[in-house]
Amino acid sequence: MAVRLVFLGKLADLAGVGEREVSAPLDWAGLLAALPGPLGEAARQDRTRIAVNGALLADKTTLQAGEGDEVALLPPVSGG
Amino acid sequence: MAVRLVFLGKLADLAGVGEREVSAPLDWAGLLAALPGPLGEAARQDRTRIAVNGALLADKTTLQAGEGDEVALLPPVSGG
Amino acid sequence: MSRDVRLLTTPFDPATEIAAFGAAHRGFGGLCSFIGAVRLDGDVEALELLHYEAMTLPGMEALADEALARFGVAGLLIIHRAGIMHPGDPIVLVAAAGRHRREAIEAVDFAMDHLKSDSWFWKRELRGVHWTWIEPRAQDHSDLSRWG
Amino acid sequence: MSRDVRLLTTPFDPATEIAAFGAAHRGFGGLCSFIGAVRLDGDVEALELLHYEAMTLPGMEALADEALARFGVAGLLIIHRAGIMHPGDPIVLVAAAGRHRREAIEAVDFAMDHLKSDSWFWKRELRGVHWTWIEPRAQDHSDLSRWG
């Protein structure tokens with residue numbers, strides 16, 4: 001149990017929690033497998049971005065996370 | 001002695017006073033006759049505007065001031 | 001719609017005025033303000049702004065009306081000093097409150113451009129014992145032309 | 001050049017912050033500020049802004065650096081709330097100080113456009129007993145595109 005998933009904004013509502021741990025290592029296919037139903041659909045949407053340890057991925061399908069990494073799922077921002 | 005001339009900005013320095021009274025009625029030729037030397041030259045410059053009782057003249061040569069009127073000579077403004 | 005336009009010959013505190021203006025416009029989303037102060041600029045010891053009773057304040061009021069109508073803001077505040085000021089002293093405060101930030105920012109921008117180049121103030125600076133009249137800046141006129 | 005960027009989870013007083021920022025930048029000619037507050041808007045009782053520890057504040061700091069470099073202002077202040085707020089409560093304050101008003105106004109305008117549509121905040125509103133997530137506004141994206 002070593003990669004932390006963080007769900008932001010309405011994705012936390014879909015997930016039912018703000019954070020969850022999954023096994024390392026984690027790639028894009030592994031992430032989708034770990035996210036059932038609407039959460040997986042949301043992750044696939046272009047406007048949902050992925051960051052690893054606070055760094056945004058230009059292409060989220062290149063995700064490679066290991067032991068101790070934090071993977072954030074970021075829906076579109078809605079400003080201040 | 002019934003038209004009041006008001007000199008604004010550096011025109012007050014040229015006039016040596018901020019205000020002066022001249023005889024009514026006063027038209028453009030009368031104003032120039034009342035303003036000797038550099039003050040008359042300044043009045044003639046396009047960028048010097050004339051107002052009567054706070055209302056700017058579109059064409060200062062149309063000046064017509066009577067008893068109790070205030071005629072202001074306005075050099076270019078230099079802001080706040 | 002509220003309009004508050006003042007020509008002062010004594011000092012004022014911009015932050016206090018912004019606080020009061022903000023309190024009077026609670027519930028509008030945006031408040032933009034601009035404070036112009038005397039710059040610390042080499043050997044300038046003081047500046048004096050002269051105004052003309054019959055035209056300066058009426059012109060500022062007309063400018064405020066124009067900004068209120070043009071940008072649809074809910075409130076506009078213009079406070080301008082006249083008299084002698086020293087480096088650091090506030091000269092002018094413009095604030096606009098509205099539902100949206102663009103209109104508030106643009107109303108302030110518009111009012112400042114017009115106050116700087118199209119309002120009845122004459123400025124002179126004191127260096128040593130000499131007062132020098134300040135001529136209009138070309139930049140102010142190009143700023144003004146942005147508003148068509 | 002000074003940069004002050006804060007992400008707060010408790011209330012703040014914009015006028016007090018503007019006063020302090022102004023005092024720290026005495027001698028620069030211009031100080032522009034924008035205060036964004038929760039609008040009184042029909043039946044919205046509260047809004048909540050969520051942020052992400054690893055990205056929100058670092059993103060605001062990068063934005064401040066970009067505005068400082070791009071507009072050449074002497075100082076930039078960004079304060080942004082997170083958490084639950086009620087109508088009238090301040091959400092955001094941006095202030096810029098510089099020698100000239102254009103650069104100060106543009107730095108504030110630029111920073112606000114980016115904070116609204118390009119920073120890591122998620123907003124939801126409370127009406128009655130229901131929280132609703134707010135979607136991005138098209139207007140925010142067109143505002144952003146002004147900066148190329």
Side-chain angles (χ1 to χ4, degrees), chain C residues 13-42 44 47 74 86-113 115-117 137 139-140 142-143 146, chain D residues 13-42 44 47 74 86-113 115-117 137 139-140 142-143 146:
Chain C
D13 180 52
T16 301
E17 299 293 346
I18 291 170
F21 183 75
H25 295 88
R26 261 183 80 85
F28 290 95
L31 193 171
C32 183
S33 68
F34 181 84
I35 302 164
V38 184
R39 267 198 290 273
L40 250 176
D41 209 357
V44 176
L47 68 77
H86 297 91
D89 288 351
I91 303 170
V92 60
L93 168 65
V94 173
R99 284 180 55 78
H100 302 290
R101 72 180 182 287
R102 288 242 56 70
E103 65 195 32
I105 292 172
E106 287 185 356
V108 167
D109 199 12
F110 174 88
M112 279 305 309
D113 278 356
L115 282 168
K116 290 294 283 189
S117 59
R137 297 191 315 146
Q139 175 70 38
D140 289 329
S142 65
D143 285 346
R146 298 187 303 139
Chain D
D13 180 51
T16 302
E17 299 293 346
I18 292 170
F21 183 74
H25 295 89
R26 260 182 82 85
F28 289 95
L31 192 170
C32 183
S33 69
F34 181 85
I35 302 165
V38 183
R39 267 199 290 273
L40 249 176
D41 208 357
V44 176
L47 68 77
H86 297 91
D89 288 351
I91 304 171
V92 59
L93 167 65
V94 173
R99 284 181 54 80
H100 302 291
R101 73 181 183 285
R102 288 242 57 72
E103 64 195 31
I105 292 172
E106 287 185 355
V108 167
D109 199 12
F110 174 88
M112 279 306 307
D113 278 356
L115 283 169
K116 291 292 282 188
S117 59
R137 298 191 315 147
Q139 175 70 39
D140 288 329
S142 66
D143 285 346
R146 298 187 302 139

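Quick note: numbers below take in every heavy atom, side chains included, and nothing from hydrogens, waters or symmetry partners. Proteins get letters first, then strands, A, B, ... in listed order; numbering begins at 1 in each.
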Given 3.5 Å as the limit, does a donor-acceptor pair link the side chain of D/R39 with the main chain of C/R99, or not? yes
Can you confirm whether D/F34 sits close enough to D/L93 that some side-chain heavy atom of one is under 4.5 Å from a side-chain heavy atom of the other? no
Under 4.5 Å from any heavy atom of chain C, what part of D/R102 do you find: side chain, backbone, both or neither? side chain
So which part of C/D13 gets closer than 4.5 Å to some heavy atom of chain D, the side chain, the backbone, both or neither? neither
CZ on C/F28 to NE2 on C/H100, rounded to 0.5 Å: 11.0 Å
Counting heavy-atom pairs under 4.5 Å to chain C, which of D/A23, D/G30, D/A97 comes out on top? D/G30
Under a 4.5 Å heavy-atom cutoff, which of C/A15, C/P14, C/S33 has the most pairs with chain D? C/S33
Shorter than 4.5 Å, heavy atoms on both sides: which option in C/A37, C/G22, C/P90 has the most such pairs with chain D? C/A37
Donor-acceptor pair, distance only, cut-off 3.5 Å: does the side chain of D/R101 make one with the backbone of C/D109? no
Side chain proximity check, D/V92 to D/M112, heavy atoms < 4.5 angstrom: yes
Mind ranking C/D143, C/I18, C/V94, C/D41 by heavy-atom pairs under 4.5 Å with chain D and telling me who comes out on top? C/D143
